[in-house]
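Report on the following structure.
In this chain, numbering begins with 1 at the start of the sequence shown. These numbers come from a predicted model, not from an experiment.
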Amino acid sequence: MQWFLSLGAAMQAFLASLFLFTMTSLGAAFVFFSRKINQTFLTAATGAAAGIMIAASFFSLLIPALEYESALPAYITVTIGFLLGGAFIICSDLILTRTQRKFNLLGDKKSALLYLAVTLHNIPEGMAVGVAFAMAAGAEGAVISALFLALGIGIQNFPEGMCVAFPLRSKGMRPLKSFLFSQGSGAVEIPSCVLGAVAAAAIAGLMPWALSFSAGAMIAVVCSELIPECFAGNKTVASASVVVGFCLMMVLDVALG
């Protein structure tokens, strides 16, 4: 522990970001164990992903965003940021639909939007960890709190890795390619974590906007893509999966956040 405390904030953040990335990779690795995807399993996985993303939007993004100081009242900043995030996904959806592009790289429009939303939300999460280490200023108690924050986000990244990998796999993408794309969504936390530590003062002012924007984007993707898809199958399985996914992420956030 003393060795870790002796490191600079940027190096502490970098090591923490490697843990976040590893947890995403471990979750994504489960895609290698599914040779044939059962439709009921797909419904359950999609529903769980929706529940996880809804819970993450509230407990990992919106609530922390309200705790940051900003020039405007917190509720105004968070509301505007949330609306902008939702509008970004809605506009992206309209543009992608009208251009009628073939999403050969990511499978289809739904996969592209899901990948974009998860990747976007990982950026402010990484920044939050970096800012926490920078503000700890080497104090043992504050550094331990920053480590617990990284631990909580890392554990959340485990199911999120599956959330990205399995939908891509279900669209016919090879397991290795699905795994690598899911890794990519988590890899953005490495530079964003270091950036948060290096530019803590400036990043802290942008955090409520970034967090609420990401929350709006995730909720829009859940409502436009994941919920309709999973409920088109077995409604009972879909409903139960959404609730279980939400509870799983809520417990992780509350217990470790």
Got a list of side-chain donor-acceptor pairs under 3.5 Å for residues 205-212, not counting sequence neighbours?
residue : atom : partner : partner atom : Å
Ser212  : OG   : Pro208  : O            : 2.7
Ser212  : OG   : Trp209  : O            : 3.3

Could you tell me whether the side chain of [Y] reaches within less than 4.5 Å of the side chain of [X], counting heavy atoms only?
| X | Y | result |
| --- | --- | --- |
| Phe231 | Thr43 | no |
| Val31 | Met162 | no |
| Leu62 | Val78 | yes |
| Phe21 | Glu189 | no |

Say you draw a straight line from [atom1] of [X] to [atom2] of [Y]; how long is it, rounded to the nearest 0.5 Å?
| X | Y | atom1 | atom2 | result |
| --- | --- | --- | --- | --- |
| Phe181 | Arg174 | CZ | CZ | 10.5 Å |
| Leu26 | Ser182 | CG | OG | 11.0 Å |
| Ile190 | Leu195 | CD1 | CG | 13.5 Å |
| Ser6 | Gln12 | OG | CD | 8.0 Å |
| Cys193 | Ile123 | SG | CD1 | 12.5 Å |

All side chain to side chain contact (heavy atoms under 4.5 Å, CB included) counterparts of [X], not counting sequence neighbours:
| X | value |
| --- | --- |
| Ala29 | Phe32, Phe179 |
| Ile76 | Leu72, Pro73, Ile80 |
| Ile90 | Leu94 |

Please assess Phe133 against Leu147 for the test side chain to side chain contact (heavy atoms under 4.5 Å, CB included), listing each intermediate value before the final yes or no. CA-CA 8 Å; Phe133 279 110; Leu147 284 171; 3.8 Å; yes
What heavy-atom pair brings [X] and [Y] nearest, and what distance separates the two atoms?
| X | Y | value |
| --- | --- | --- |
| Ser178 | Ala165 | CB-O, 3.7 Å |
| Ala9 | Ala197 | O-CB, 3.8 Å |
| Gly126 | Ser192 | CA-OG, 3.6 Å |

Output yes when a side-chain donor or acceptor of Asn122 lies under 3.5 Å from a complementary backbone atom of Val188, and no otherwise.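 No, the answer is negative, given that no donor and acceptor are paired below the 3.5 Å cut-off.
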Main-chain N/O of Leu20 paired with Asn157 side-chain donor or acceptor, under 3.5 Å: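 Yes: the side chain of Asn157 pairs with the backbone of Leu20.
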By ring-ring contact (aromatic ring centres under 6.0 Å, His included), which residues pair with Phe158, not counting sequence neighbours?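 With sequence neighbours excluded, Phe158 shows a ring-ring contact (aromatic ring centres under 6.0 Å, His included) to Phe30, given in chain and number order.
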ring-ring contact (aromatic ring centres under 6.0 Å, His included) with Phe88: which residues, sequence neighbours excluded?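 Result, ring-ring contact (aromatic ring centres under 6.0 Å, His included) vs Phe88: Phe213.
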For residues 236-248, which side-chain N or O atoms pair as donor and acceptor with protein atoms under 3.5 Å away, sequence neighbours left out?
residue : atom : partner : partner atom : Å
Ser239  : OG   : Lys235  : O            : 2.9
Ser241  : OG   : Ala44   : O            : 3.4
Ser241  : OG   : Val237  : O            : 2.7

For Ser25, which residues count as a side chain to side chain donor-acceptor pair (under 3.5 Å) partner, sequence neighbours excluded?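 Listed in chain order: Gln183.
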Mind checking what makes side chain to side chain donor-acceptor pair (under 3.5 Å) contact with Ser224, not counting sequence neighbours?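 Not a single residue meets the side chain to side chain donor-acceptor pair (under 3.5 Å) criterion with Ser224.
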Between Leu83 and Ile63, is there shared hydrophobic-cluster membership here, with clusters defined by ILVMFWY side-chain heavy atoms closer than 4.5 Å?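 No, Leu83 and Ile63 fall in different hydrophobic clusters.
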Verify the neighbour count for atom CZ of Phe14: are there more than 12 heavy atoms of other residues, nucleotides or ligands below 6.0 Å?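 Count not over threshold, so no.
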